[in-house]
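Read the structure below first, then the notes.
Side-chain atoms are counted along with the backbone in the values below, which use heavy atoms only and exclude waters and symmetry mates.
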Amino acid sequence: MMPERLFAGIDVGGTHLRLGLVTENGELARDAIFPSSSISDTNGSTPARILKYIQLFLGQEIANIVAMCIGFPSVISKDRRIIVQTPNIAGLDNIPFAEMAEKEFSFPVFIEKDVNLLLIHDVATYNLSTKDPILGFYIGTGIGNAIMLNGDIMIGASGSAGELGHVPILGNKIACPCGNIGCVETIASGKALVNYKSTYPNMLIDDFFTQHSQDEFVKHFIELLAITISTEMNIFDPAVAILGGGVILMKDFPREWLISEIREHLRYPYPKNSVKFLFSEQTKNAGVFGAARWAKHLLERKQQSTI
Ligand SMILES: [Zn+2]
């Protein structure tokens with residue numbers, strides 16, 4: 001019997017490093033998780049540490065792996081070979097990671113921005129047609145955004161398309177870790193929510209929307225998210241908009257309220273009456289599955305281009 005071909009999907013997040021081996025049929029063969037604190041280092045060893053964890057994880061199955069994709073919460077170069085900038089993990093700026101990894105391993109290694117891999121996973125899970133634009137909005141620490149056009153991820157002229165969280169808001173004077181002032185994700189994101197929640201020191205963050213959905217802060221928060229999301233939807237006229245991320249997955253998050261606020265701002269009659277909203281019910285391994293699926297897709301594309 002031929003050994004099974006496996007795709008490695010790696011998700012480097014601000015809090016966890018997740019690793020998975022996925023079969024040709026998209027089934028998870030094995031996975032592992034480590035805290036990101038164990039990989040992040042200010043002395044320049046972060047890339048080497050990530051590679052070490054990957055190597056240990058792959059173990060003897062390394063011989064069956066045909067391609068790997070690694071998702072980073074980073075700006076990635078247009079050629080998808082270099083990690084340009086990573087605000088939340090030390091030691092991952094200007095790193096030629098794909099090349100470093102391909103020196104270690106004998107199979108192709110791809111890198112991609114994490115939210116793009118989440119959208120790839122959601123599109124596959126919902127079995128969506130990719131003929132028309134699909135937009136993904138993932139509200140976590142920041143506002144993650146992915147744009148899919150003709151089944152491909154839109155990456156822009158320099159690789160950094162989809163930075164929706166960094167749209168400026170008039171009158172907002174808060175400095176953003178990106179270096180600019182007034183970015184929307186300084187006031188409408190998981191980060192902003194955690195800041196506001198600190199005014200209720202005895203409450204668990206999980207109970208926030210259950211107990212405080214009537215607060216002025218929440219009204220403003222939902223409205224800002226709706227304005228931001230509807231702006232991009234009016235530009236792209238997507239067939240489907242997928243809403244996800246840790247904030248939206250929180251207990252009692254007002255999903256219907258957010259959708260009705262977004263619809264308020266959508267252009268009549270389209271996309272107001274045509275767009276379909278879906279929620280991403282992602283499991284913790286969504287980034288791993290998205291990465292493995294993208295590795296398979298890019299490997300096939302690479303093989304076709306060399307025939
Ligand atoms: Zn910013």
Side-chain angles (χ1 to χ4, degrees), residues 11-15 36 71-76 83-90 92-93 112-119 122 135-147 153-156 158-199 205 208-209 212 215-236 241-250 253-255 257-259 261-262 265 279-280 282 286-287:
D11 178 15
V12 181
T15 51
S36 299
F72 290 95
S74 315
V75 174
I76 306 286
I83 304 168
V84 176
Q85 204 222 351
T86 311
N88 296 318
I89 302 174
L92 286 181
D93 292 345
E112 189 49 68
K113 185 165 133 182
D114 55 2
V115 284
N116 290 338
L117 301 173
L118 294 182
L119 183 60
D122 279 333
L135 302 178
F137 303 97
Y138 299 95
I139 318 304
T141 309
I143 299 179
N145 175 220
I147 301 162
I153 291 294
M154 181 182 148
I155 62 171
S158 55
S160 65
E163 290 292 314
L164 187 63
H166 304 279
V167 166
I169 296 294
L170 188 66
N172 177 16
K173 299 274 186 271
I174 301 174
C176 180
C178 78
N180 288 350
I181 307 281
C183 298
V184 64
E185 71 175 37
T186 64
I187 44 177
S189 64
K191 251 183 314 200
L193 191 68
V194 169
N195 279 344
Y196 175 73
K197 193 251 146 207
S198 63
T199 56
I205 187 87
F208 180 78
F209 286 109
H212 291 280
D215 284 23
E216 272 310 307
F217 170 85
V218 176
K219 288 181 189 160
H220 191 59
F221 184 88
I222 296 293
E223 178 68 354
L224 271 173
L225 280 181
I227 287 172
T228 308
I229 291 169
S230 59
T231 300
E232 187 173 278
M233 290 176 69
N234 282 331
I235 295 169
F236 283 97
I242 299 177
L243 305 173
V247 171
I248 284 176
L249 285 171
M250 279 171 71
F253 177 87
R255 294 180 174 202
W257 181 12
L258 176 62
I259 286 183
E261 289 286 337
I262 294 170
H265 299 295
F279 284 96
S280 167
Q282 288 186 339

Please report the shortest heavy-atom distance between [X] and [Y], naming the atom on each side.
| X | Y | answer |
| --- | --- | --- |
| Asn234 | His265 | ND2-O, 3.0 Å |
| Val247 | Ser189 | CG2-C, 4.5 Å |
| Cys183 | Gly165 | CB-O, 3.5 Å |
| Ile143 | Glu185 | N-OE1, 2.9 Å |
| Ala161 | Lys113 | O-NZ, 3.3 Å |
| Pro87 | Pro73 | CD-O, 3.8 Å |

Hey, what do you get for [atom1] ([X]) to [atom2] ([Y]), rounding to the nearest 0.5 Å?
| X | Y | atom1 | atom2 | answer |
| --- | --- | --- | --- | --- |
| Ile262 | Leu225 | CD1 | CG | 8.0 Å |
| Ser280 | Ile139 | OG | CD1 | 11.0 Å |
| Ile259 | Phe279 | CD1 | CZ | 3.5 Å |
| Gln85 | Ile76 | CD | CD1 | 11.0 Å |
| Leu135 | Phe236 | CG | CZ | 6.5 Å |
| Leu258 | Phe137 | CG | CZ | 10.0 Å |

Does some side-chain heavy atom of [Y] sit less than 4.5 Å from a side-chain heavy atom of [X]?
| X | Y | value |
| --- | --- | --- |
| Ile222 | Pro254 | yes |
| Ile248 | Tyr138 | no |
| Trp257 | Val218 | yes |
| Leu117 | Asp11 | no |
| Phe72 | Ile89 | no |

No-hydrogen, no-angle side-chain donor-acceptor test under 3.5 Å, Tyr196 and Asp215: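 Side chains of Tyr196 and Asp215: pair found under 3.5 Å.
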
Looking only at atom types and distance, does a side-chain atom of [X] sit under 3.5 Å from a main-chain N or O of [Y], one as donor and one as acceptor?
| X | Y | value |
| --- | --- | --- |
| Thr86 | Leu92 | yes |
| Thr186 | Gly182 | no |
| Asn172 | Ile181 | no |
| Asn145 | Gly136 | yes |

Results of side chain to side chain contact (heavy atoms under 4.5 Å, CB included) for Val167 - residues two or more places apart only: Leu164, Val184

Salt bridge (Lys or Arg N to Asp or Glu O under 4.0 Å) contacts touching residues 218-235 (sequence neighbours left out):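 Output for this query lists Glu216-Lys219.
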
